[in-house]
Amino acid sequence: MHKKNFFLIALISWICIITTLSLASLNGLPKISPVNGDKYVHFLFYFILTFLLILNLGYKVGTNYSIIISFVMAVCYGIIIEILQGVLTENRKPEVADALANSFGSFVATIVVYLNRKRLNSIK
């Protein structure tokens, strides 16, 4: 499989995973034990999402355009998902702290990619 197709399939799959886990009822699952532990999960999910968006958007990893657009798209997606939790679900509620954790994960991914863009071009 061509790398470009692999990264696209990975991105689409990751978006489906985030959407499903964000909008599904998770009542039967155990709670994450650390205080605000779910914020680490939000951070990680959106770090990976932003990284995959950057890999898919630009010809070369880390072009300024692909980095900025990927960050904006991930942050907007995170905010939309939080709003949808309040609109579409009965047992989930939107939380500003979740949107901030999502945005921070995207921001850190953006910085990591920007600082390592030359090395990352070898995997693209």
Side-chain angles (χ1 to χ4, degrees):
M1 178 184 297
H2 193 272
K3 283 183 186 179
K4 193 172 189 177
N5 292 337
F6 173 78
F7 291 132
L8 180 59
I9 291 168
L11 173 63
I12 292 168
S13 299
W14 195 247
I15 290 171
C16 290
I17 289 168
I18 291 174
T19 303
T20 301
L21 292 176
S22 297
L23 299 178
S25 173
L26 303 176
N27 286 342
L29 296 177
K31 297 280 183 189
I32 298 173
S33 33
V35 176
N36 291 320
D38 70 313
K39 304 308 178 252
Y40 298 113
V41 174
H42 283 266
F43 175 92
L44 180 63
F45 277 18
Y46 282 82
F47 181 97
I48 294 170
L49 174 64
T50 304
F51 184 75
L52 290 171
L53 281 166
I54 292 168
L55 287 176
N56 279 281
L57 276 181
Y59 171 71
K60 290 187 174 182
V61 173
T63 61
N64 290 340
Y65 174 78
S66 68
I67 290 175
I68 292 167
I69 295 300
S70 296
F71 174 74
V72 170
M73 288 174 66
V75 169
C76 289
Y77 176 74
I79 292 169
I80 290 168
I81 286 292
E82 287 301 316
I83 292 168
L84 290 176
Q85 283 181 343
V87 173
L88 299 178
T89 66
E90 294 179 11
N91 59 346
R92 308 287 299 266
K93 61 182 170 119
E95 293 184 30
V96 172
D98 288 349
L100 290 173
N102 299 344
S103 300
F104 188 59
S106 294
F107 178 74
V108 172
T110 300
I111 298 302
V112 168
V113 168
Y114 181 78
L115 295 175
N116 294 287
R117 63 192 179 280
K118 289 182 181 173
R119 277 184 265 171
L120 290 171
N121 277 320
S122 65
I123 67 168
K124 184 92 165 140

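Keep in mind that the numbers below use all heavy atoms, side chains included, and drop hydrogens, waters and symmetry copies.
When atom types are taken as modelled, the side chain of Asn56 and the backbone of Leu8 share a donor-acceptor pair closer than 3.5 angstrom. Proximity of a side-chain donor or acceptor of Asp98 to a complementary backbone N or O of Lys39 within less than 3.5 Å is not detected. Remark: side-chain polar atoms of Gln85 are paired, donor with acceptor, to backbone N or O of Ser22 under 3.5 angstrom. Distance alone, capped at 3.5 Å, is enough to place a donor-acceptor pair between the Arg117 side chain and the Tyr114 backbone.
Partners of Phe43 by ring-ring contact (aromatic ring centres under 6.0 Å, His included), not counting sequence neighbours, listed by chain and number: Phe104. Under the rule for a side chain to side chain donor-acceptor pair (under 3.5 Å), the partners of Thr19 that lie at least two apart in sequence or sit in another chain are Tyr77. Thr110 is linked by a side chain to side chain donor-acceptor pair (under 3.5 Å) to nothing, counting only residues two or more places apart in sequence or in another chain. In terms of the side chain to side chain contact (heavy atoms under 4.5 Å, CB included) criterion, residue partners of Leu100 (sequence neighbours excluded) are, by chain and number, Val96. Here Phe45 pairs with Trp14 under the ring-ring contact (aromatic ring centres under 6.0 Å, His included) rule; sequence neighbours left out. Take Ala74 and apply the side chain to side chain contact (heavy atoms under 4.5 Å, CB included) test, not counting sequence neighbours, and it matches Leu49, Thr50, Leu53, Ser106.
Listed here is the closest heavy atom pair of Ser66 and Ser70: O-OG, 2.6 Å.
Hydrophobic clustering places Tyr65 together with Ile111 (ILVMFWY residues linked when any side-chain heavy atoms are closer than 4.5 Å, directly or through intermediates). A single hydrophobic cluster is not seen to contain both Ile81 and Ile12; linkage of ILVMFWY side chains at heavy-atom distances under 4.5 Å, directly or through other members, places them apart.
Proximity of Phe51 to Val112: side-chain heavy atoms (C-beta onward) are nowhere separated by under 4.5 Å.
One finds the CD1 atom of Ile18 at 11.0 Å from the CG atom of Leu23 (value rounded to the nearest 0.5 Å). Rounding to the nearest 0.5 Å gives a distance of 13.0 Å between CG of Leu57 and CZ of Phe7.
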Show your reasoning for whether side-chain contact (heavy atoms from CB on, under 4.5 Å) applies to Arg92 and Glu82.
CA-CA 9 Å; Arg92 308 287 299 266; Glu82 287 301 316; over 6 Å; no

